[in-house]
2 protein chains.
Amino acid sequence: MNRLVSVIQALKAKGVRLTSERQLILRRAVNHLHFSAEELVNDVRTIDRSVSRMTVFRTLTLLQNAGLVEKHDFHYGPPYYEVTYGKAHHDHLMCMRCGEIIEFQEPRWEPMQEEAAKRYGYKLLSHTHKLYGLCGSCQTRNNGKPVHKAPKLHVEEIVA
Amino acid sequence: MNRLVSVIQALKAKGVRLTSERQLILRRAVNHLHFSAEELVNDVRTIDRSVSRMTVFRTLTLLQNAGLVEKHDFHYGPPYYEVTYGKAHHDHLMCMRCGEIIEFQEPRWEPMQEEAAKRYGYKLLSHTHKLYGLCGSCQTRNNGKPVHKAPKLHVEEIVA
DNA sequence: GAATATTTGTTACTCAGTATCAACTAAGAA
DNA sequence: TTCTTAGTTGATACTGAGTAACAAATATTC
């Protein structure tokens, strides 16, 4: 709940009008760790059918522009969103079979990235760094069988 | 031309039937560094109108599964493809304004990624690492103005 | 309370592909 | 060579993840 409050305050501070629709969408969004747009639409509309799909998309865009939400393309399955406001920067490790997502930090990478960008005269503004593999149980459980495109992603606790 | 030959040989070695459509598609694909599926469709169909959009998509999928082509989601603009066969692994640096893409290598990262995956019991299979920023000329040329979503990507030489 | 601006829902559309399926090859067997 | 069968192709339709247009509803400012 604390988290919702702080996200709402951050939005207000940016002068964004906080309608009841937006509040509901935010409330549901902070409840998930990673979610697809369509999942959020369903979740929100389970609670209030009168909120349209469009409003959810628009709010998601609004939140992205305000820097509170990030969109991740995991290459397997649909793009996933994450409320990143107040969270430390982290990268993602995903299991290609079961879709588990682990968030982790690797502080050593940050300066190296700055350095790489600078090498080409670039000013670094953001980055994405995603690792794909097989989690422990998928390695043993399905040994030998081919790896498919991961079907769907599960919400997962922040691990590091 | 050498490159096309080696890609074709790699395909044959995998027992993939090499039709005239596939040859044309490959020939055009190795000519670009990064290209969107739709760009490749247009390029191929400029040369031979009888090749359908579908065949281009199917061939792209085939090549991905054969490990000769990689699909990159640059977060700005459409997904881009790249014939990676015979190329050393590299990461990407992209200008958020003009869409320039620079390919670069950073060998120090590879073992660190393995290590990070292992920390969580994962077997690392692949990764994507993309840096976004402003290239030298976009930094000075448009100083102060906001950065848009990059409109389209240009084909760019491998720099490192 | 009127004028103005913002937000919303509806509907239609786009982009990047997938799915289906019948017609067309291509390669091996008889 | 012709037959059989499997692989490939093109046409058409459809899907998922949004974007665009616009009028109606709501909020804000005067």
Side-chain angles (χ1 to χ4, degrees), chain A residues 8 11-12 14-26 29 34-45 47-66 69-82 99 148-153, chain B residues 8 11-12 14-26 29 34-45 47-66 69-82 99 148-153:
Chain A
I8 285 177
L11 256 194
K12 273 189 186 157
K14 285 173 192 279
V16 172
R17 206 184 282 179
L18 200 72
T19 64
S20 64
E21 290 88 348
R22 286 176 183 174
Q23 278 202 47
L24 171 58
I25 293 165
L26 261 176
H34 301 97
F35 51 90
S36 71
E38 229 63 47
E39 272 169 18
L40 185 59
V41 168
N42 291 339
D43 188 18
V44 162
R45 283 174 57 85
I47 295 171
D48 183 351
R49 176 120 310 240
S50 76
V51 176
S52 82
R53 191 170 164 272
M54 272 311 306
T55 299
V56 175
F57 276 103
R58 271 193 286 237
T59 304
L60 236 23
T61 306
L62 181 90
L63 295 171
Q64 278 184 88
N65 292 341
V69 160
E70 275 175 32
K71 183 181 177 181
H72 298 292
D73 204 307
F74 279 106
H75 211 123
Y76 298 90
Y80 271 60
Y81 294 84
E82 176 185 358
H148 329 285
K149 296 209 164 190
K152 63 156 90 174
L153 306 179
Chain B
I8 284 178
L11 255 194
K12 273 188 185 157
K14 285 173 192 277
V16 172
R17 205 183 282 180
L18 200 72
T19 64
S20 64
E21 290 89 346
R22 287 177 182 175
Q23 278 202 48
L24 171 58
I25 292 166
L26 261 176
H34 299 97
F35 52 89
S36 71
E38 229 63 49
E39 272 169 19
L40 185 59
V41 168
N42 292 339
D43 188 17
V44 163
R45 284 173 57 85
I47 294 171
D48 183 350
R49 176 118 313 241
S50 76
V51 176
S52 81
R53 191 171 163 270
M54 271 311 306
T55 299
V56 176
F57 276 102
R58 271 193 287 239
T59 304
L60 235 24
T61 306
L62 181 89
L63 295 171
Q64 278 183 86
N65 293 339
V69 160
E70 274 175 32
K71 183 181 178 181
H72 297 291
D73 204 307
F74 279 107
H75 211 123
Y76 299 90
Y80 271 60
Y81 295 83
E82 177 184 358
H148 329 285
K149 296 210 164 190
K152 64 155 88 174
L153 307 178

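Below, all heavy atoms of this structure are taken into account, side chains as well, without hydrogens, waters or symmetry copies. Convention: sequence-line order gives letters A, B, ...; per-chain numbering from 1.
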task = For the pair Phe35(B) and Tyr81(B), name the ring-plane relationship: parallel under 30°, tilted 30 to 60°, perpendicular over 60°.
result = parallel
inquiry  = Let's test your reading of the model: under 3.5 Å, does the base of dG9(C) pair with the side chain of Arg53(A) as donor and acceptor?
reply    = no
ask   = Considering only heavy atoms, which members of residues 15-22 of chain A lie under 4.0 Å from some atom of DNA chain D?
value = Arg17(A)
ask   = Which whole-number value in Å describes the distance from Leu63(A) CG to dT7(C) P?
value = 12 Å
inquiry  = Tell me every residue that passes side-chain contact (heavy atoms from CB on, under 4.5 Å) with Asp48(A), counting only those two or more places apart in sequence or in another chain.
reply    = Leu24(A), Ser50(A), Val51(A)
key: Test side-chain contact (heavy atoms from CB on, under 4.5 Å) applied to Ser52(B) - qualifying residues, sequence neighbours left out   = Met54(B), Thr55(B)
query = On a plain distance test, is the side chain of Arg58(B) in donor-acceptor contact with the base of dG17(C) below 3.5 Å?
reply = no
request  = Report the residues that fulfil side-chain contact (heavy atoms from CB on, under 4.5 Å) with Arg45(B), sequence neighbours left out, ordered by chain and then residue number.
outcome  = Val41(B), Arg49(B)
ask   = Can you check the Glu38(A) CD to dT15(D) P distance for me, whole Å?
value = 13 Å
ask   = Listed by chain and number, what are the side-chain contact (heavy atoms from CB on, under 4.5 Å) partners of Ser36(B), not counting sequence neighbours?
value = Glu38(B), Glu39(B), Pro78(B), Tyr80(B)
request  = Starting from P on dC15(C), measure out to CD on Glu39(B) and report it in whole angstrom.
outcome  = 13 Å
ask   = Quick one: is dG10(D) close enough that its OP1 or OP2 comes under 4.0 Å of any side-chain N or O from Thr55(B)?
value = yes
task = Write down the distance between CE (Met54(A)) and P (dA20(D)), rounded to a whole number of angstrom.
result = 9 Å
request  = Could you list the residues that satisfy side chain to side chain donor-acceptor pair (under 3.5 Å) with Asp73(B), not counting sequence neighbours?
outcome  = none
message = Using OP1 and OP2 only, check whether a side-chain N or O of Tyr81(A) sits under 4.0 Å from dA17(D).
response = no
key: Spacing between Arg49(B) atom CZ and dT9(D) atom P, to the nearest angstrom   = 18 Å
